[in-house]
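See structure below.
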Amino acid sequence: MITIDALTKKYGRTTAVDGVSFVAQPGRVTGFLGPNGAGKSTTMRMVVGLTKPTSGSSTVAGRAFADLPNPGREIGVMLDASAQHAGRTGREILTIVQQTLGLPGNRVDEMLDLVSLTEAEADRRVGNYSLGMRQRLGIASALIGNPAVLMLDEPANGLDPAGIRWMRDLLRGFADQGGTVLLSSHLLREVEIIADDLVMIGHGRIVCEGSTAELLQSMGTIARADDLTALRRALHAAGIETTESDQGGVATPAEPARVGQAAFAAGIALTELRTADGGLEDMFLELTTDTQRERKVA
Ligand SMILES: Nc1ncnc2c1ncn2[C@@H]1O[C@H](COP(=O)(O)OP(=O)(O)OP(=O)(O)O)[C@@H](O)[C@H]1O
């Protein structure tokens with residue numbers, strides 16, 4: 001488990017992280033989402049003692065990171081896959097991590113196999129790796145200590161579609177075995193698929209959090225009928241608010257079942273009834289409008 005309690009980081013007059021609190025639970029994948037510069041990396045760096053918080057605290061498996069006797073065996077971390085020593089081979093890097101952690105046996109080949117780096121690739125210098133290969137090596141380094149907690153900053157960066165699916169399956173399997181996964185991303189679609197819980201951050205503050213299923217359900221319903229005016233009238237009569245949907249039809253915050261019943265009671269045949277499918281992206285864009293760099297194109 002990772003517990004983050006009112007973490008704040010100020011750089012001069014800039015507040016990079018502003019009172020962020022949340023818990024990444026065991027057995028679940030927690031997605032940490034936000035636009036560029038929102039404060040994701042700074043929060044993660046504070047959890048592992050690389051950045052000193054201005055105030056607030058965090059724990060990993062119930063203890064402050066600095067108090068963990070052998071941190072690499074408690075939490076696997078990948079914050080910057082490009083930060084690996086370019087002159088060393090992948091195999092050398094994993095061997096050094098294994099030795100530093102004082103692990104018995106030799107897990108290097110097992111890890112290379114797990115992240116699908118071939119023998120030939122493992123013996124190449126990291127300076128010649130693609131970004132996707134560095135991400136794989138970073139994951140192997142994070143997992144070699146067999147930790148119960150994983151914290152990954154933008155792990156899908158540089159991976160091809162097959163690599164993204166591989167990463168997703170790996171992290172899902174890790175969480176299903178009781179592990180805690182905290183991953184940051186701005187690839188919203190990717191996170192929507194894998195994360196059980198979501199924490200969205202903008203300008204250093206949490207703007208929204210909850211289970212992915214609940215958040216998606218709160219997106220509302222889209223309904224369509226041949227006579228939209230009659231449908232709107234029927235829904236209003238049943239006390240259901242409606243708005244125009246840019247996806248066509250009528251949008252409403254009510255649940256699909258309630259919308260269907262109201263239409264049925266008014267004798268209206270629906271031609272479409274579904275959860276609004278803008279998904280997280282719409283919600284993310286809406287919630288972070290104030291915090292985005294790009295302004296909406298009219
Ligand atoms: N060492 C530093 N000195 C000054 N400002 C910093 C420092 N590190 C981060 N910041 C600022 O803190 C804010 C948050 O940065 P952070 O890297 O945590 O964002 P992020 O959400 O990880 O962004 P991205 O998705 O682009 O990686 C930014 O405004 C950044 O410029």
Side-chain angles (χ1 to χ4, degrees), residues 2 24-36 38 40-41 43-45 47-48 60 72 74-84 90-91 93-94 97 107-122 124 126 128-201 211-213 216 279-281 284:
I2 300 175
Q25 301 278 1
R28 296 177 78 80
V29 176
T30 302
F32 194 25
L33 278 171
N36 292 136
K40 305 178 296 293
S41 303
T43 303
M44 289 179 148
R45 289 175 61 83
V47 171
V48 291
V60 175
E74 304 281 350
I75 178 168
V77 179
M78 184 175 72
L79 293 184
D80 183 359
S82 300
Q84 292 146 344
R91 183 184 296 283
I93 286 178
L94 288 182
V97 176
R107 279 171 53 89
V108 171
D109 285 318
E110 191 191 328
M111 288 302 113
L112 288 169
D113 194 40
L114 182 73
V115 301
S116 304
L117 282 176
T118 64
E119 292 262 321
E121 287 168 343
R124 240 192 264 163
V126 169
N128 299 325
Y129 276 23
S130 68
L131 179 55
M133 287 163 70
R134 285 176 206 218
Q135 295 284 34
R136 287 173 188 266
L137 182 64
I139 296 284
S141 304
L143 285 171
I144 200 167
N146 201 18
V149 180
L150 270 184
M151 189 170 76
L152 312 170
D153 199 0
E154 306 276 357
N157 253 2
L159 292 177
D160 56 23
I164 289 177
R165 174 165 294 190
W166 162 81
M167 169 82 68
R168 189 191 304 156
D169 292 347
L170 183 100
L171 299 182
R172 181 75 269 152
F174 186 86
D176 287 348
Q177 284 169 26
T180 302
V181 180
L182 175 63
L183 64 91
S184 78
S185 181
H186 45 241
L187 298 176
L188 303 171
R189 300 279 176 194
E190 189 45 44
V191 172
E192 179 178 333
I193 298 167
I194 189 181
D196 302 296
D197 297 311
L198 289 173
V199 177
M200 286 191 187
I201 183 173
S211 81
T212 311
L216 286 177
L280 279 179
E281 197 154 53
F284 178 76

- Val191 and Val29, any side-chain heavy atoms less than 4.5 Å apart: no
- Message: In the structure I gave you, are the side-chain heavy atoms of Leu79 and Met151 within less than 4.5 Å of one another anywhere?
- Response: yes
- Calculate, to the nearest 0.5 Å, the distance between atoms OH and CG belonging to Tyr129 and Leu137 respectively. 5.5 Å
- Task: For Ser130, enumerate each residue passing the side-chain hydrogen bond (donor to acceptor under 3.5 Å, both in side chains) test, keeping only those at least two apart in sequence or located in another chain.
- Result: none
- Message: So, using side-chain contact (heavy atoms from CB on, under 4.5 Å) as the criterion, who are the partners of Ile193 when residues are at least two apart?
- Response: Arg168
- Can you name the nearest heavy-atom pair linking Ala142 to Leu150, along with the distance? CB-CD2, 3.9 Å
- Task: Using side-chain contact (heavy atoms from CB on, under 4.5 Å) as the criterion, list what pairs up with Gln25, not counting sequence neighbours.
- Result: Met1, Val23, Arg28
- All salt bridge (Lys or Arg N to Asp or Glu O under 4.0 Å) counterparts of Arg91, not counting sequence neighbours: Asp109, Glu119, Asp123
- Please examine the side chains of Val115 and Trp166, heavy atoms only from C-beta on, and report whether any two atoms are closer than 4.5 Å. yes
- Nearest heavy-atom approach of Ala122 to Leu112 is CB-CD1, 3.6 Å
- Message: List the residues meeting side-chain hydrogen bond (donor to acceptor under 3.5 Å, both in side chains) with Glu154, not counting sequence neighbours, and say none if there are none.
- Response: His186
- Task: For residues Pro155 and Ser184, report the shortest heavy-atom separation together with the two atoms involved.
- Result: CD-O, 3.5 Å
- Task: Hey, could you give me the CD1/CD1 distance between Ile93 and Ile144, rounded to the nearest 0.5 Å?
- Result: 11.5 Å
- Message: Once salt bridge (Lys or Arg N to Asp or Glu O under 4.0 Å) is applied, do any residues pair with Asp153, and if so which ones, sequence neighbours excluded?
- Response: none
- Report the residues that fulfil side-chain contact (heavy atoms from CB on, under 4.5 Å) with Ala24, sequence neighbours left out, ordered by chain and then residue number. Ile2, Thr30, Thr180, Leu182
- Item | Side chain Lys40, main chain Gly34, donor-acceptor under 3.5 Å | yes
- Could you give the distance from CD1 (Ile201) to OG1 (Thr43), rounded to the nearest 0.5 Å? 4.5 Å
- Can you measure from OG (Ser116) to CD1 (Ile139) and round to the nearest 0.5 angstrom? 12.0 Å
- Item | Atom pair OG1/CG of Thr212 and Leu198 - distance to nearest 0.5 Å | 3.5 Å
- Message: Any non-hydrogen side-chain atom of Val181 less than 4.5 Å from a side-chain atom of Ile194?
- Response: no
- Message: Any non-hydrogen side-chain atom of Glu74 less than 4.5 Å from a side-chain atom of Val149?
- Response: no
- Query: Looking only at heavy atoms, what is the nearest atom pair of Ala195 and Gly31, with distance?
  - Reply: CB-N, 3.7 Å
- Task: Please tell me if the side chains of Met133 and Arg124 come closer than 4.5 Å, counting only heavy atoms from C-beta onward.
- Result: yes
- Pair listing, salt bridge (charged side-chain N to carboxylate O under 4.0 Å, His left out) test, anchored in residues 171-181, at least two apart: Arg172-Asp176, Arg172-Asp196
- Message: Quick check: do Leu94 and Ser141 have side-chain heavy atoms less than 4.5 Å from each other?
- Response: yes
- Are the side chains of Met111 and Leu114 in touch, meaning some heavy atoms are under 4.5 Å apart? yes
- Item | All side-chain contact (heavy atoms from CB on, under 4.5 Å) counterparts of Pro147, not counting sequence neighbours | none
- Output the distance between atom CZ (Arg134) and atom CG (Asn157), rounded to the nearest 0.5 Å. 12.5 Å
